[in-house]
Each structure stands twice: as structure tokens, then as C-alpha cells.
There are 2 protein chains.
Amino acid sequence: MAGIDEMSSSARMNQYERGKHAPDWLTVERLAAVLNVPVAYFYATDDDAAELLLAFYALAPEARGRALELIKAMS
Amino acid sequence: MAGIDEMSSSARMNQYERGKHAPDWLTVERLAAVLNVPVAYFYATDDDAAELLLAFYALAPEARGRALELIKAMS
DNA sequence: CTCATTTACTAAGCAATCCTTAGTGTATCC
DNA sequence: GGATACACTAAGGATTGCTTAGTAAATGAG
């Protein structure tokens, strides 16, 4: 679904999942699109940040500005 | 400061900034540490998400859980 | 249980990308 | 003007990823 050749997609995805290799940017973008998550989600180093990105991405674009101000106001 | 050899650090950083090459994970982690930003910040595809990550990262760790719930509650 | 099929995973070499070197050009400051 | 620092690039050697070929482990049907 991400446009990876099916002949090698199983090996490649497995190498990514196990951390043997890292995908290039175009591949990451396509995987994010297929999985409906923001690209940055793949690079979150803790679960809270990962969840935050998912929740933010799930918001309607108009709501994101308000969400951002909300978090900013907390500091 | 990120532990990149000074003989080539200028060329490398310039290649990263201009999108000619992409740094490996270890280098990205070190740059994030030096710049005091979360790693995912470098991979944000829009300014709102980038700012969100900075604001979230700036919060005290105890406050992050509350921030997360706040955003979750918005959807 | 057995066989067939799908899914999970890996090594090895070719292919692609990055890192280093060497260098040019442009600010900046004395 | 000269010196120093900063910005940027091409090219090749060094490294990493992708493809191929294959084994192993689940899963499902009969």
C-alpha cells in the first residue's frame, strides 16, 4: 500500500521493525500516509509524545491552533 | 558539541540543512540533545506540530500526562 | 494430525547513500 | 587589505540500505 515493491516489502519492513535498517524519508512519508499517522510519530522517543502526536493529528485542522495555545499556556 | 568530527562537521551540517543528505539516528539524537529539543521535532512536517513538540518537551515531566489528557479530551 | 499457505525473519551481495576531503566563495572584523 | 570565520559544493571512498534467496514459524482447511 505504501508503494514498496511486493517482492522485497516483507524483508524491508521486517528490517525496519527490528531496527536493522532505517527507511528513507519518502518511504516514511508513505507509511505514515497509509497508517494515517503524522510522520513525527515514528520518531517519538517516549509514549507520551507519541500519543500526543496521534491525538493532535486526529484533531480537525482548525482545532489544532487552540490545542497548541492550550499547551503553551501550561508552561 | 554533538560529537561530530570538526574536520567535516561544517560540510555535514550544511548537507543536512539543505536536504542533500540525512543524518543517521545517533547523530539526530545528539543534535537534539545539544539543541535541547525532542528528536521528533526534526521530523515535524508542519509548524503547529513542531511548536507543539517544543511546548510539550518544555513542560515538567509530571505535567506532560495532564497535557496529553487535555488534548485527548478535545476530540 | 497433515498439508498448504501465509507470515516472520535472516544472510549476503549489489546498489544506493552518506561521510570525508579539498576546495571556492562570501561575510566579518581588525 | 589581510586574516579569520562562515557558507556551501563536487567527487570519491566508506558505509548503509535494498534485493534476492532462503529457512522457520504460525495459521487454516480438510
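Naming: A, B, ... by sequence-line order, numbering from 1 per chain.
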- In whole angstrom, give the distance that lies between atom NZ of A:Lys20 and atom C1' of D:dG17. 11 Å

- Item | Nucleotide C:dA11, atom P - distance to CD of A:Gln15 in whole Å | 10 Å

- Item | Nearest to side-chain heavy atoms of B:Ser8, which nucleotide of D:dG17, C:dT20, C:dC9 | C:dT20

- Task: Return the nearest nucleotide to the side chain of B:Arg12; candidates are C:dC19, D:dG17, D:dT20.
- Result: C:dC19

- Starting from P on D:dG17, measure out to CG on B:Asp24 and report it in whole angstrom. 9 Å

- Query: For the side-chain contact (heavy atoms from CB on, under 4.5 Å) test, which of A:Leu54, A:Ile71, A:Leu53 pairs with B:Ile71?
  - Reply: A:Ile71

- Nearest-Å distance, CD (A:Glu6) to P (D:dA21)? 17 Å

- Query: Are OP1 or OP2 of C:dC18 and a side-chain N or O of B:Tyr16 less than 4.0 angstrom apart?
  - Reply: no

- Interatomic distance, B:Asn14 CG vs C:dT24 C1' [rounded to whole Å]: 13 Å

- Query: Roughly how many Å is it from CG in B:Asp5 to P in C:dT21, rounded to a whole number?
  - Reply: 7 Å

- Task: Measure the distance from CD on B:Glu17 to P on C:dC19 and round it to the nearest whole Å.
- Result: 14 Å

- Query: Crowded around B:Tyr43 OH? As in, over 12 foreign heavy atoms under 6.0 Å?
  - Reply: yes

- Note on the structure: Separation of D:dG13 atom P from B:Met7 atom CE, nearest Å, is 20 Å

- Message: Run the side chain to side chain contact (heavy atoms under 4.5 Å, CB included) test on A:Leu31 and A:Thr27 for me, step by step, so that the C-alpha distance in whole Å, both residues' side-chain angles and the decisive distance to 0.1 Å come before the verdict.
- Response: CA-CA 6 Å; A:Leu31 290 171; A:Thr27 301; 4.0 Å; yes

- Message: Pick the closest DNA chain C nucleotide for A:Arg18 and for A:His21 by heavy atoms, then say which residue is nearer the 5' end.
- Response: A:Arg18

- Message: I want to check something: taking the side chain as every heavy atom from C-beta on, are A:Lys72 and B:Leu52 in contact at a cut-off of under 4.5 Å?
- Response: no

- Looking at every strand, decide which applies to B:Ala22 at a 4.0 Å heavy-atom threshold: base, sugar-phosphate, or nothing. sugar-phosphate

